[in-house]
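Per chain, numbering begins at 1; letters A, B, ... match sequence-line order.
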Number of protein chains: 2
Amino acid sequence: MKKEARILGIDDSPFDKFKDKEVLIIGTFFRGGSSLDGVMTTTTAVDGSNATARIIRMVKKSKFYTQLRAIMLNGIAVGGFNVVDIQKLAAATKIPVIVVMRDYPELGKIKSTLNRLGMKSKVRLIGKAGKIHKVDNIHIQLAGCSLEKAKELLKISCTRSHIPEPIRTAHLIAAGIKLGESKGKA
Amino acid sequence: MKKEARILGIDDSPFDKFKDKEVLIIGTFFRGGSSLDGVMTTTTAVDGSNATARIIRMVKKSKFYTQLRAIMLNGIAVGGFNVVDIQKLAAATKIPVIVVMRDYPELGKIKSTLNRLGMKSKVRLIGKAGKIHKVDNIHIQLAGCSLEKAKELLKISCTRSHIPEPIRTAHLIAAGIKLGESKGKA
């Protein structure tokens, strides 16, 4: 894989779960872990179920679409519990998807919350997302991507921290836009 | 000067001059020309006269303020004719200011337009901004900064193109947020 393989990093903006109905989604188009070449955006419903469709649309209408070698998500859900169907995202775009998590998710707690909220289909989506692998200091889930390939993509893109640059940058932009100044880590 | 000297790059978002009253201003906090460490935002009035005050406030309230070694602006005006008083910006923040322009500005045309619109104070601001220097492929204006120091800051920050990375990145973010996907060059 080339060191400058084009990667899309996706993160959502902070939101107020009592007030906001929509959340801003930021996509950063990166050359490997070195250079930002473009920014794209969409919105999804807080706790809704349109994240997969919205992200597929954002990716497919992008001028960078045909160049993309991977899509990286900062966690499997955006806007609270708007869970992304990563198999569907990979299949619809024909691009490998890697979910990046700083910590191993508390699956039991998440699933019982979703069940309590009557969001059983999302419990299924989380189950469907497959095995969680530990790679160095982060955890990942994969769709349309072998573990070997994912490790290679992480090596290329984690140039400044444990978090791939496309995701780290999407996080900074999303927070800066929403809060006036970025805070905290991806 | 350190290769990772902290630089703030500022650009405005695209706007509709017939509809929009406010324009989004993006500030990128960079380590030299290599790494984005933060994003900050403010707004200014289209064709208004609050850009200088708004940018001073954004810079001074930032958690990165004390680390900044330079402020770079993509042109001397934001939101159309909201001209920045770069001497005032440099004096109020005690940070060197560099205005970056891809092309030599058509000063005669700009001044006659401003005069026709009754914006004479802005003509004075443009005059006050001082000599336009050509450095490599770009043009710059300076406040609180020697030409020698400006050249050093450009050398550190122009790692991927003729345009300093902080400005190039601010431009991509501003366009991506406003248009859904970034277009064109800073």
Side-chain angles (χ1 to χ4, degrees), chain A residues 4 8-11 13-14 24-44 54-55 57-65 67-68 157-161 163-186, chain B residues 4 8-11 13-14 24-44 54-55 57-65 67-68 157-161 163-186:
Chain A
E4 301 221 321
L8 182 69
I10 293 176
D11 200 5
S13 68
L24 182 68
I25 307 294
I26 302 284
T28 58
F29 180 78
F30 252 82
R31 298 192 207 181
S34 65
S35 176
L36 179 70
D37 276 5
V39 174
M40 56 193 89
T41 59
T42 188
T43 56
T44 62
R54 288 292 177 90
I55 293 173
R57 193 179 68 179
M58 177 179 81
V59 171
K60 290 184 82 166
K61 79 173 185 187
S62 166
K63 65 181 171 187
F64 302 115
Y65 175 38
Q67 301 172 48
L68 279 175
S157 60
C158 295
T159 48
R160 310 213 156 254
S161 70
I163 303 295
E165 279 300 287
I167 286 181
R168 193 183 68 82
T169 303
H171 178 82
L172 288 177
I173 296 171
I177 296 299
K178 183 69 187 181
L179 306 175
E181 180 159 300
S182 44
K183 279 173 191 162
K185 290 181 174 182
Chain B
E4 302 222 319
L8 182 69
I10 293 176
D11 200 4
S13 67
L24 182 68
I25 307 294
I26 301 284
T28 60
F29 180 78
F30 252 82
R31 298 192 208 182
S34 63
S35 175
L36 179 70
D37 276 6
V39 175
M40 57 194 88
T41 59
T42 188
T43 57
T44 62
R54 288 292 177 91
I55 293 173
R57 192 179 67 179
M58 177 179 81
V59 172
K60 290 185 83 164
K61 80 175 185 186
S62 166
K63 66 182 170 186
F64 302 116
Y65 175 38
Q67 300 171 50
L68 279 175
S157 60
C158 295
T159 48
R160 308 211 158 256
S161 70
I163 303 294
E165 279 299 287
I167 286 181
R168 195 185 66 82
T169 303
H171 178 83
L172 288 176
I173 296 171
I177 296 299
K178 184 70 186 181
L179 306 175
E181 180 160 300
S182 43
K183 276 171 193 164
K185 290 180 172 181

Residue, of Asp37(A), Thr42(A), Thr159(A), that accumulates the most heavy atom pairs under 4.5 Å with chain B: Asp37(A)
Is there a side-chain contact between Phe29(B) and Glu181(A), using heavy atoms and a 4.5 Å cut-off? no
Looking at Ile26(A), Ile177(A), Thr41(A), which makes the most heavy-atom pairs under 4.5 Å with chain B? Thr41(A)
May I ask you to name which of Met58(B), Lys61(B), Arg168(B) has the most heavy-atom pairs under 4.5 Å with chain A? Arg168(B)
With side chains defined as the heavy atoms from C-beta onward, is the minimum distance between Val39(A) and His171(B) less than 4.5 Å? no
Between Ala174(B), Ser62(B), Gly38(B), the one whose heavy-atom pairs under 4.5 Å with chain A are most numerous: Ser62(B)
Do Leu36(B) and Leu36(A) make a side-chain contact, defined as non-hydrogen atoms from C-beta onward lying under 4.5 Å apart? no
Any chance you could measure Leu179(A), atom CG, to Met40(B), atom CE, to the nearest 0.5 Å? 13.0 Å
